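Comments concern the structure below.
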Amino acid sequence: MKKFSWPLERLLHVTAQREDAMRAEVQGLAAQVAGIRSEMTRRRAAVRLALADMTALPLQERLDGQKLFMGSSDYELEQARILQQRIRAMESLAREKRKALIEQRKNRRKLERLRDKAFQDWQRQVLLWEQKQLDEVATTARARTGAGAAWSGVPAGEL
């Protein structure tokens, strides 16, 4: 009997590849979000460090530093807003990609179940075919044994 082959095997393979690509894309987005968050954390730490350094300065130097710091704080706030918007956009995109990934995974599982069912059906067919072959061999052997006894003059039941 020939080897099991499923006509939709290529489709299953392509579906699995798409799922892997989607998973990598979702992981890439998560890594980008983590990178942006670490950038925000780094910027916040730099601001805190600058403020902490200013508290150690004498009053006049501190006032000059605070004036300079307040001038650059608008820029830092704007950068923080931009980074926050990028995070929201990437998280939204990641949610959509995760939904698509879940659908792709469901499709792959459906195809795998179909393949498993087809394989079980094929195994049943192989067993039936083997049983049929064994029955034919047994019938042929029985017929030959019975025919041989009839020719020898011995009744078939006494063999």
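Since the structure is predicted, the reported quantities are computational estimates derived from the model, not experimental observations. The basis for the numbers below is simple: all heavy atoms, side chains too, and nothing from hydrogens, waters or symmetry mates.
Dense packing is recorded around CZ of Arg105, with more than 12 heavy atoms of other residues, nucleotides or ligands lying under 6.0 Å away. Counted within 6.0 Å of CZ on Arg81, heavy atoms from surrounding residues, nucleotides or ligands total more than 12; the atom is thus considered enclosed.
Residues Arg142 and Thr139 have side chains not in contact (no heavy-atom distance under 4.5 Å, counting atoms from C-beta outward). Put simply, the side chain of Asp20 reaches to within 4.5 Å of the side chain of Arg23, judged on heavy atoms. Contact of the Gln133 side chain with the Trp129 side chain is registered, since non-hydrogen atoms from C-beta on lie closer than 4.5 Å. Using a 4.5 Å heavy-atom threshold, the side chains of Gln32 and Leu29 count as touching.
A donor atom on one side chain and an acceptor atom on the other are found under 3.5 Å apart for Gln17 and His13.
A pairwise comparison of heavy atoms in Ala80 and Met40 identifies O-CE, 4.3 Å as the closest pair. Closest non-hydrogen pair, Tyr75 versus Arg43, comes out as CE2-NH1, 4.4 Å.
Taking the charged nitrogens against the carboxylate oxygens, Glu96 and Lys99 have no contact shorter than 4.0 Å, which rules out a salt bridge. For the pair Glu103 and Lys106, the salt-bridge criterion is met [side-chain N within less than 4.0 Å of a carboxylate O]. A salt bridge between Arg88 and Glu91 is absent, with no side-chain N of the basic residue lying under 4.0 Å from a carboxylate O of the acidic one. With salt bridges taken as basic N to acidic carboxylate O contacts below 4.0 Å, none links Asp116 and Arg113.
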